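Structure, as structure tokens:
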2 protein chains.
Amino acid sequence: MRKRKGAGRPTIADVAEKAGVSTITVSRALRDPSKVSDHLRRKINNAVRKLNYVPHSHASALASTRSNIVGVIVPSLTNNVFADTLRAIYDELDQGPFQVQLGNSRYVAKDEERLVRTFLGQGPSAMIIAGTDQTDATRELLQNAECPVVQIMEVGDDPIDMMVGFSHFEGGKAAGTHLMQKGYKRIGFLGARMDPRSHRRLEGFKDALRIGGRYDPDLIMTTTVSSSVSLGAELIGQLRARRSDLDAVFCNNDDLALGALFGCQKAGISVPDDMGIIGFNDLEMMAASHPSLTSIRTDRYAIGKRAVEMIKAELDGEVPEQKILDLGFELQQRESTSRQK
Amino acid sequence: MRKRKGAGRPTIADVAEKAGVSTITVSRALRDPSKVSDHLRRKINNAVRKLNYVPHSHASALASTRSNIVGVIVPSLTNNVFADTLRAIYDELDQGPFQVQLGNSRYVAKDEERLVRTFLGQGPSAMIIAGTDQTDATRELLQNAECPVVQIMEVGDDPIDMMVGFSHFEGGKAAGTHLMQKGYKRIGFLGARMDPRSHRRLEGFKDALRIGGRYDPDLIMTTTVSSSVSLGAELIGQLRARRSDLDAVFCNNDDLALGALFGCQKAGISVPDDMGIIGFNDLEMMAASHPSLTSIRTDRYAIGKRAVEMIKAELDGEVPEQKILDLGFELQQRESTSRQK
DNA sequence: TTGTACGCGTTATCAA
DNA sequence: TTGATAACGCGTACAA
């Protein structure tokens with residue numbers, strides 16, 4: 001007699017025996033209660049409670065070739081922008097039977113591809129992935145995946161499946177337009193990391209300035225170094241050293257904007273009178289600073305929430321109203337661009 | 001004949017056939033190459049490559065009652081403090097065969113317990129959990145779990161298994177001592193969230209002030225509201241309204257400290273001359289602000305890194321040098337507490 | 001609505 | 001060092 005011991009915990013067979021039914025009835029009662037009569041369902045639920053039965057997700061995944069995992073891939077764990085979205089995803093998914101599997105691609109396309117491969121290997125219920133700049137191989141993997149796929153944080157023309165986000169090009173354009181409207185003339189751009197979304201913000205910014213006749217490539221200062229507050233102070237210092245007539249900057253993100261503010265304060269430059277500053281994302285601190293900082297507000301929590309809602313709808317067989325959801329953005333004007341003309 | 005289709009991808013049996021060996025030999029070659037002869041190992045590795053075989057983690061977990069999952073439970077996804085540690089955990093774990101399973105307890109002990117239950121149900125290779133304040137039930141679950149368990153972010157007397165972190169009590173004490181040394185007399189405390197670690201920082205702070213003869217409970221201002229920069233400005237305003245003679249504050253964390261700085265600037269109070277400010281954690285922005293902000297530096301990345309190293313060592317059967325690892329902290333003095341006496 | 005029989009892909013057990 | 005066989009716990013297919 002060769003018995004293996006297993007994990008020792010109750011199985012669906014134990015529940016079935018206690019409830020006096022077959023295992024498949026228990027299985028059905030747990031996954032879709034409507035398929036089992038009230039009478040048996042009650043008995044089964046009682047047995048589950050008494051035995052403290054917990055479904056064995058690996059066995060379930062193996063038998064059904066479908067796991068309850070939702071794979072989520074983001075390029076950064078420390079960027080606040082993704083933190084809010086992740087929080088929303090966890091908040092939404094924790095209700096149901098799903099498990100989040102989180103991957104960090106570190107802004108490296110090949111790492112992203114590897115993660116997608118690994119996650120798809122688990123037969124996920126759905127995939128959520130940041131951005132629209134996947135490699136061809138990654139796109140193909142996801143297209144062939146038999147599960148809903150949502151690209152988040154931005155929108156574009158060519159979704160793998162679904163998309164929730166906003167247009168970074170339009171966001172950058174709005175920032176540029178705003179600075180011109182406030183009367184600033186020599187308007188610069190500070191950019192860190194310069195991932196594809198940053199590039200699109202820059203393109204939108206350029207577009208606005210060209211239209212306004214104020215585009216000057218000499219005022220654009222970017223680096224691939226990752227973003228930080230200190231870097232904002234550094235970059236604005238460098239740009240001013242190059243062009244002392246600079247009178248406003250659009251910062252790639254809020255960390256840089258805060259750093260630029262500190263840099264100006266150290267150099268004795270008055271914000272907003274001698275220098276206008278606008279950031280991107282509108283993190284909580286932007287409203288609290290002194291002077292308060294203008295920014296482009298994006299609803300990152302909503303992006304995560306809606307992404308999960310779209311997934312749930314598709315899994316429930318609902319026909320989606322739209323595959324692409326543009327949540328837009330909103331310019332929050334504050335003191336840093338409100339100069340007395 | 002009733003064939004089910006499976007996931008369609010190559011299985012260990014396909015590899016075995018191609019290599020001309022049995023399945024179990026392939027299994028062994030993959031898990032512990034030293035158990036298989038060079039000759040067969042080479043053939044197997046070739047077959048794996050040719051078929052593009054990827055092990056099926058659910059099947060493995062089912063058969064072995066042990067998954068490659070490392071469960072990680074933190075109380076917040078948006079708090080930068082945990083973001084750095086998480087990044088380290090992902091960096092370390094991405095190398096090996098492990099998968100991170102991340103849970104967000106939202107600072108709710110019951111949610112934490114539920115997550116622990118769920119994760120343990122997956123037969124994890126290890127568990128990492130923030131803090132030392134688990135419920136009795138959670139402790140018992142983890143104690144009975146047949147895997148390494150590391151409590152992170154703080155150290156204490158009574159580890160479930162292992163611990164990596166530092167003493168929040170001592171950190172708070174160092175902050176209080178520093179403010180007294182700099183000559184501040186009426187020293188307050190600003191605290192948000194007030195989770196157990198915040199409480200221990202406060203206790204350390206009180207201890208220092210009592211020793212220095214400067215303890216005044218009237219100068220302690222706390223709230224259970226979650227921390228933010230805006231809140232820092234608000235709290236220091238409230239505390240000053242109550243006690244206009246306040247001349248320094250120890251802020252529970254850096255967000256509050258930055259907010260307190262902004263609050264002072266708005267009210268026309270000079271930092272550090274009329275108000276000393278010290279934060280906790282030393283986020284990157286603290287060195288960049290104007291004036292720069294003193295803080296207690298903690299090495300959050302190292303905490304994650306060391307936690308994973310301890311896990312790997314224990315899984316490799318090594319005898320740990322120590323079950324409790326205190327990584328300490330370091331006071332970073334900056335302008336916000338450097339007044340001209 | 002309920003049940004029977006079997007397979008999902010892997011590893012533990014025992015034997016050689 | 002290698003292999004045959006039987007689990008691991010559950011869901012699918014088919015039948016009643």
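Being a predicted model, the structure only gives us computed values, none of them experimental. Numbered from 1 within each chain, the chains take letters A, B, ... in sequence-line order.
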Original post:
Out of C:dT11, D:dT12, D:dG9, which has the shortest distance to the side chain of A:Ala59?
Top reply: D:dG9

Subject >> Spacing between B:His58 atom NE2 and D:dC10 atom P, to the nearest angstrom >> reply: 15 Å

Original post:
For B:Phe166, what residues pass the ring pair (Phe, Tyr, Trp, His ring centres under 6.0 Å) criterion, not counting sequence neighbours?
Top reply: B:His168

**OP:** Using whole Å, report how far CG of B:Leu62 lies from P of C:dT10.
**Re:** 11 Å

**OP:** For the residue pair A:Ser37 and A:Arg41, confirm or rule out a side-chain donor-acceptor distance under 3.5 Å.
**Re:** no

Subject >> Contacts of type side-chain hydrogen bond (donor to acceptor under 3.5 Å, both in side chains), residue B:Tyr107, not counting sequence neighbours >> reply: none

Subject >> Under-4.0 Å side-chain N/O to phosphate OP1/OP2 contact, A:Arg9 with D:dC8 >> reply: no

**OP:** Only pairs at least two apart or in different chains count here, so list each salt bridge (Lys or Arg N to Asp or Glu O under 4.0 Å) that has a residue in residues 135-145 of chain B.
**Re:** B:Arg139-B:Asp158

**OP:** To the nearest Å, give me how far apart CD1 (B:Ile12) and C1' (C:dT11) are.
**Re:** 8 Å

Subject >> A:Gln122 CD - C:dC8 P separation (whole Å) >> reply: 20 Å

**OP:** Identify, with sequence neighbours excluded, every residue that meets salt bridge (Lys or Arg N to Asp or Glu O under 4.0 Å) alongside B:Asp157.
**Re:** none

Subject >> Those residues that, when tested against B:Arg106, pass side-chain hydrogen bond (donor to acceptor under 3.5 Å, both in side chains) (two or more places apart) >> reply: A:Asp91, A:Asp94

Subject >> Nearest-angstrom distance from the residue atom CG of B:Leu30 to C1' of C:dG9 >> reply: 13 Å

Subject >> Any B:Thr25 side-chain N or O less than 4.0 Å from OP1/OP2 of D:dG3 >> reply: yes

Original post:
In whole angstrom, what separates A:Lys35's NZ from C:dG3's P?
Top reply: 15 Å

**OP:** Using the test side-chain hydrogen bond (donor to acceptor under 3.5 Å, both in side chains), find all partners of B:Gln151 that sit at least two apart in sequence or belong to another chain.
**Re:** B:Gln134

Subject >> Residue whose closest nucleotide on DNA chain D lies nearer the 5' end, B:Thr23 versus A:Ser27 >> reply: B:Thr23

Original post:
Under a 4.5 Å cut-off applied to non-hydrogen side-chain atoms, are B:Ile303 and B:Met153 in contact?
Top reply: yes

Original post:
Between B:Ser22 and D:dG3, is there a side-chain N or O to OP1/OP2 distance below 4.0 Å?
Top reply: yes

**OP:** Starting from P on C:dC6, measure out to CD1 on A:Ile24 and report it in whole angstrom.
**Re:** 15 Å

Subject >> Pairing residues for B:Arg117 by the side-chain hydrogen bond (donor to acceptor under 3.5 Å, both in side chains) criterion, not counting sequence neighbours >> reply: B:Glu113

**OP:** Please state whether the base of C:dG3 and the side chain of A:Arg28 form at least one donor-acceptor pair under 3.5 Å?
**Re:** yes

Original post:
Taking five pairs at each end of the helix from C:dT1-D:dA16 to C:dA16-D:dT1, what angle separates the two helix axes (nearest 10°)?
Top reply: 20°

Subject >> Salt bridge flag under 4.0 Å for residues A:Glu92 and A:Arg306 >> reply: no

Subject >> Residue B:Arg31, side-chain atoms from C-beta onward, closest of C:dT11, D:dC10, C:dG3 >> reply: C:dT11

**OP:** Calculate the interatomic distance between B:His56 atom NE2 and C:dG7 atom C1'; express it in whole Å.
**Re:** 13 Å

Subject >> Sub-4.0 Å heavy-atom contacts from residues 36-45 of chain A onto DNA chain C, ordered by number >> reply: A:Val36, A:Ser37, A:Leu40

